[in-house]
Amino acid sequence: TQTTRPQRMLAAVQKNATRGDPRSVVKAIDQFCRQKEWAMNVGDEKGCILDSVVTEVNPATVLELGTYCGYSTVRIASLLPSNAKLITLEFNPDYAAIARQVIAWAGLEDKVQLVEGASGDWIPKMKEKFGIETFDLVFLDHWKDRYLPDTKLMEECGLLRKGSILLADNVICPGTPDYLEYIRNSPRYKSQYFKSHLEYTKVEDGLEKSVFLG
Ligand SMILES: O=C(NCCc1nnc(-c2ccc3[nH]cnc3c2)[nH]1)c1cc(-c2ccc(F)cc2)cc(O)c1O
Ligand SMILES: [Mg+2]
């Protein structure tokens, strides 16, 4: 029977990447997506911007919304200090099953907690379920029409502190117009746009980095 694209991506990781070597996992996925099949990972170009933000923030607590196959999960987790915690939320059980195996191949399962379910359901439970006070960094990469409601929900749930960083993928393509409008006009955020390209293409896209001012 026919395999899915995430399954073929995982096979490429298991074939071409070294167990326990996150950079080789990232490289194997990027090669698969460039040479074989496009897939909606943040990719190598935007991935470098993501890496620089993670390194600059050096977060103890990270929330990723939208795991997909775990590409950005591996990029982020590989840069975290030993006691840091990354919680990644994935709604789609098929994506989650692949992501768990990609994260395990990279040897990062101890740094990552993959939670299956809808962001709207889980964000209000973060404190009680995971003992999280606030997130130092949030990477938004899930449904594009959930960026704004979930940001407002994180504010309401007290999950953001003065200096928390939101980094949002795809603010141009597919685009998150309501989120951009809100975050760029709100006095509670200071935003910066990092112009780039849609993963593995020449189409414009970018990341929006926003600091919560409290
Ligand atoms: O949709 C995206 N990302 C979201 C992944 C996800 N991760 N989790 C879910 C989820 C969430 C609740 C769900 N409910 C049921 N399935 C679900 C799946 N969706 C996405 C799309 C593109 C893209 C650009 C141009 C195109 F021509 C086509 C596509 C590029 C990107 O970088 C993306 O991140
Ligand atoms: Mg994306």
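Both ligands and their constituent atoms are indexed starting at 1 by order of listing. The first residue of the sequence shown is numbered 1, and numbering continues consecutively from there.
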Q: Is there a donor-acceptor contact under 3.5 Å linking the side chains of Asp205 and Ser196?
A: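 Side chains of Asp205 and Ser196: no pair found under 3.5 Å.
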Q: Any idea which protein heavy atom is nearest atom 15 (C) of ligand 1, and the distance to it?
A: Phe91 CD2, 3.1 Å
Q: Just to confirm my output: which protein heavy-atom neighbour is closest to atom 3 (N) of ligand 1, and how far is it?
A: Lys144 NZ, 3.3 Å
Q: Identify, for atom 19 (N) of ligand 1, the protein heavy atom at the shortest distance, and state residue, atom and that distance.
A: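 For atom 19 (N) of ligand 1, the nearest protein heavy atom is Trp143 CD1, 3.9 Å.
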Q: Among all the protein's non-hydrogen atoms, which is closest to atom 26 (C) of ligand 1, and how far away is it?
A: Trp38 CH2, 4.5 Å
Q: Tell me, which protein residue and heavy-atom name are nearest atom 6 (C) of ligand 1, and how many Å apart are they?
A: Tyr95 CE1, 4.2 Å
Q: At a 4.0 Å threshold, what atoms of ligand 1 neighbour a non-hydrogen atom of Asn92?
A: 16 (N), 17 (C), 18 (C)
Q: Any salt bridge linking Lys209 with Glu56? Criterion: basic side-chain nitrogen under 4.0 Å from a carboxylate oxygen.
A: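 A salt bridge is present here (some side-chain N lies under 4.0 Å from a carboxylate O).
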Q: For Tyr200 and Asp44, does a side-chain donor sit closer than 3.5 Å to a side-chain acceptor?
A: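 There is no such pair (donor and acceptor under 3.5 Å, judged by atom type) between the side chains of Tyr200 and Asp44.
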Q: Tell me which N, O or S atom of Asp141 sits nearest to the Mg ion (ligand 2).
A: OD1
Q: Under 3.5 Å, is there a donor-acceptor pair between the Arg184 and Ser191 side chains?
A: no
Q: Starting from atom 34 (O) of ligand 1, which protein heavy atom do you reach first, and at what distance in Å?
A: Asp141 OD1, 2.8 Å
Q: Restricting to N/O/S atoms, is Asp169 within less than 2.8 Å of the Mg ion (ligand 2) or not?
A: yes
Q: Tell me the contacting part of Asp205 for ligand 1: side chain, backbone, both, or neither, using a 4.0 Å heavy-atom threshold, strictly below.
A: neither
Q: Quiz question: by atom type and distance under 3.5 Å, do the side chains of Thr88 and Gln113 form a donor-acceptor pair?
A: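 Thr88 vs Gln113: no donor-acceptor pair found between side chains.
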Q: Under 4.0 Å, heavy-atom basis, I'd like to know which part of Val42 is in contact with ligand 1: side chain, backbone, both or neither.
A: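 Near ligand 1, Val42 shows nothing, with every heavy atom at 4.0 Å or more.
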Q: Just need the protein heavy atom nearest to atom 1 (O) of ligand 1, so name the residue and atom and give the distance.
A: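 Here the closest protein heavy atom is Met40 SD, 3.7 Å.
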Q: Considering Arg146, Glu90, His142, which one's heavy-atom position lies nearest to atom 9 (C) of ligand 1?
A: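 Heavy atom nearest to atom 9 (C) of ligand 1 belongs to Glu90.
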Q: With sequence neighbours left out, write down each residue that passes ring-ring contact (aromatic ring centres under 6.0 Å, His included) with Tyr147, or none if nothing qualifies.
A: His142, Tyr179
Q: Let me check your reading of the structure: within less than 2.8 Å of the Mg ion (ligand 2), is there an N/O/S atom from Asn41?
A: no
Q: Please report which non-hydrogen protein atom sits nearest to atom 30 (C) of ligand 1, along with the residue it belongs to and the distance in Å to one decimal place.
A: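 Here the closest protein heavy atom is Glu199 OE2, 3.2 Å.
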Q: Using a strict cut-off of less than 4.0 Å between a Lys/Arg side-chain nitrogen and an Asp/Glu carboxylate oxygen, indicate whether Arg161 and Asp136 qualify as a salt bridge.
A: yes
Q: Anything under 30° is parallel, anything over 60° is perpendicular, the rest tilted; go ahead and classify Tyr68 against Tyr95.
A: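 Rings of Tyr68 and Tyr95: perpendicular, as their planes differ by over 60°.
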Q: Do Lys152 and Tyr182 form a cation-pi contact, if we require the NZ or CZ to be under 6.0 Å from the six-membered ring centre and within 45 degrees of the ring's axis?
A: yes
